[in-house]
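Notes to accompany the following structure.
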Amino acid sequence: MTELAAVKAALRTQAVETPSWAYGNSGTRFKVFAQTGVPRDPFEKLDDAAKVHEFTGAAPTVALHIPWDRVDDYAALAAHAEKRGVRIGAINSNTFQDDDYKLGSVCHPDAVVRRKAVDHLLECVDIMDATGSRDLKLWFADGTNYPGQDDIRSRQDRLTEGLAEVYERLGEGQRMLLEYKLFEPAFYTTDVPDWGTAYAHCLKLGEKAQVVVDTGHHAPGTNIEFIVATLLREGKLGGFDFNSRFYADDDLMVGAADPFQLFRIMYEVVRGGGFTSDVAFMLDQCHNIEAKIPAIIRSVMNVQEATAKALLVDGSALAAAQGSGDVLEANAVLMDAYDTDVRPLLREVREESGLDPEPLKAYRSCGWAEKVVAERVGGRQAGWGA
């Protein structure tokens, strides 16, 4: 197989999971701007997700968020997904919107509230059983706003206890993916603020627990690719939540703010074997002013382009330059790959896979946007609860 053929073959295997909540109305803490044709329930979200997969060929799974995507029959929801040509992906928990969680969830000082939070996480595992999902994705808003508000070490003990109970409930082939976030909504301490804290908890839990890297959850200037390389080296990188940030957790389209950073991250994924392992490539984005489906298609394409460039890095030339200490040449090897226009290559890959070479144009001409605007009248539009 030629080098180019190998790159094409790798690209054809790439899968990017789309988030159900990105198809609904979303916004900032100030305003949610409603759009016409937005799904009214999880079934319609899956219908929209199926269109993304239809035109990209690279988005076969859809992450759910509970309770935003709660239904009476999860097996029926999974069957609906299969009928549309997609599958249910990660199940995301929600321990941050109930009034009881004002002082935390699994780290709350009150055992009654902790019990409620853990029971919700166990419910999410039940949903995984019903949908055939592999991953339970956990993000906790737990933390404190003021020095002395609570005992930092005790909160870590509570977190350990809660995670251990949920970990023991996981079935064969299921995983727990622990996400971290620098700050927000807690501003003094966050109980899982960084990759080191998440890694420490996952290491203690066992092989089924792995770390999720949300690309928007870091301080300015953080070298995310170093984190990715380290977690891959330790076998603890479970997945990504892809998005872009300018200032905080902006949740903008992946690759929009810094496409070079996305390339550097994907290079470390390729270099560390993450592209052919169980690393989950997921989107976690907030499309509050742009049209939902085209934005998600564009995001999938952005990930594909960064991946294609990463796959084109000349590993032998790079190793030779690094080994000889030729700093400029080593950097030039990376930059040559990054500067390559990979859009023609990806058009070829799509055509060879029986897809339209231009996913966005194909979607815009298919009539789906006009169809859902006409049909989705009445009921309550889905949203993330702001």
Side-chain angles (χ1 to χ4, degrees), residues 21 63-70 90-129 133-171 174-214 217 236 238-239 241 249 280 282 284 384-385:
W21 53 96
L64 300 186
H65 206 296
I66 307 301
W68 300 342
D69 294 318
R70 188 170 277 148
I91 304 299
N92 292 252
S93 61
N94 183 321
T95 55
F96 52 86
Q97 285 193 308
D98 289 5
D99 287 344
D100 285 343
Y101 299 142
K102 180 171 66 174
L103 300 179
S105 60
V106 293
C107 301
H108 199 287
D110 188 336
V112 173
V113 177
R114 295 200 300 274
R115 184 69 259 160
K116 173 181 175 178
V118 171
D119 284 346
H120 168 65
L121 303 184
L122 294 173
E123 174 200 8
C124 289
V125 182
D126 291 340
I127 294 169
M128 293 168 64
D129 293 339
S133 300
R134 179 187 64 172
D135 296 333
L136 170 67
K137 190 145 71 69
L138 308 178
W139 172 72
F140 298 108
D142 293 38
T144 64
N145 280 348
Y146 298 100
Q149 177 182 324
D150 199 359
D151 186 74
I152 294 174
R153 181 165 176 163
S154 294
R155 293 180 71 90
Q156 289 297 309
D157 292 341
R158 298 168 200 154
L159 176 60
T160 296
E161 182 179 350
L163 290 177
E165 181 177 348
V166 179
Y167 184 88
E168 288 303 315
R169 169 63 183 82
L170 294 174
Q174 293 179 338
R175 307 188 302 173
M176 173 189 289
L177 304 183
L178 183 58
E179 190 175 348
Y180 59 90
K181 188 175 185 180
L182 176 65
F183 77 100
E184 194 187 43
F187 296 105
Y188 174 58
T189 64
T190 300
D191 290 310
V192 189
D194 51 41
W195 73 272
T197 305
Y199 173 74
H201 281 285
C202 289
L203 196 63
K204 183 177 292 186
L205 287 165
E207 292 183 358
K208 292 181 179 180
Q210 295 189 302
V211 180
V212 168
V213 175
D214 185 306
H217 285 189
K236 279 296 183 182
D241 273 359
D249 185 22
M282 301 173 279
D284 182 12
W384 56 263

Straight-line distance of [X] [atom1] to [Y] [atom2], nearest 0.5 Å:
{"X": "Leu64", "Y": "Asn92", "atom1": "CG", "atom2": "CG", "result": "8.0 Å"}
{"X": "Asp214", "Y": "Leu182", "atom1": "CG", "atom2": "CG", "result": "11.5 Å"}
{"X": "Leu138", "Y": "Phe140", "atom1": "CG", "atom2": "CZ", "result": "4.5 Å"}
{"X": "His65", "Y": "Trp139", "atom1": "NE2", "atom2": "CH2", "result": "8.5 Å"}
{"X": "Leu177", "Y": "Gln210", "atom1": "CG", "atom2": "CD", "result": "7.0 Å"}
{"X": "Cys124", "Y": "Met176", "atom1": "SG", "atom2": "CE", "result": "11.0 Å"}

For the pair [X] (side chain) and [Y] (backbone), establish whether a donor and an acceptor sit closer than 3.5 Å, ignoring hydrogens and angles.
{"X": "Asn145", "Y": "Phe187", "value": "yes"}
{"X": "Arg114", "Y": "Pro109", "value": "yes"}
{"X": "Glu123", "Y": "Asp119", "value": "no"}
{"X": "Glu168", "Y": "Glu165", "value": "no"}
{"X": "Lys208", "Y": "Gly171", "value": "yes"}

SB check [X] [Y] (cutoff 4.0 Å):
{"X": "Arg169", "Y": "Asp129", "answer": "yes"}
{"X": "Arg158", "Y": "Asp110", "answer": "no"}
{"X": "Glu207", "Y": "Lys236", "answer": "no"}
{"X": "Asp151", "Y": "Arg155", "answer": "no"}
{"X": "Asp241", "Y": "Lys137", "answer": "yes"}

Using side-chain heavy atoms (C-beta onward) and a distance below 4.5 Å, is [X] in contact with [Y]?
{"X": "Tyr188", "Y": "Pro147", "value": "yes"}
{"X": "Val106", "Y": "Leu163", "value": "no"}
{"X": "Lys181", "Y": "Val192", "value": "no"}

Q.
Quick check on side-chain hydrogen bond (donor to acceptor under 3.5 Å, both in side chains): which of Thr190, Asp150, Thr189 does Thr144 satisfy it with?
A.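 By the side-chain hydrogen bond (donor to acceptor under 3.5 Å, both in side chains) criterion, Thr144 pairs with just one of Thr190, Asp150, Thr189: Thr189.
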Please report the closest heavy-atom contact between [X] and [Y], naming both atoms and the distance.
{"X": "Ala198", "Y": "Tyr180", "result": "CB-CD2, 4.2 Å"}
{"X": "Asp191", "Y": "Leu159", "result": "O-CD2, 4.1 Å"}
{"X": "Asp135", "Y": "Ala280", "result": "OD2-CB, 4.2 Å"}
{"X": "Cys202", "Y": "Leu178", "result": "SG-CB, 3.9 Å"}
{"X": "Ala141", "Y": "Phe96", "result": "CB-CB, 3.6 Å"}

Q.
Below 30° counts as parallel, above 60° as perpendicular, anything between as tilted: where do the rings of Trp68 and Trp21 land?
A.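 Perpendicular, since the angle between the ring planes exceeds 60°.
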Can a donor-acceptor pair be found between the side chains of [X] and [Y] at a distance below 3.5 Å?
{"X": "Asp142", "Y": "Ser105", "answer": "yes"}
{"X": "Asp157", "Y": "Thr160", "answer": "no"}
{"X": "His120", "Y": "Asn94", "answer": "no"}

Q: Find out whether the Lys NZ or Arg CZ of Lys116 is both under 6.0 angstrom from the six-membered ring centre of Tyr101 and within 45° of the ring's axis.
A: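 Yes - Lys116 lies over the ring of Tyr101, closer than 6.0 Å to its centre and within 45° of its axis.
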**Q.** More than 12 heavy atoms from other groups under 6.0 Å of CD on Glu184
**A.**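 More than 12 heavy atoms, drawn from other residues, nucleotides or ligands, come within 6.0 Å of this atom.
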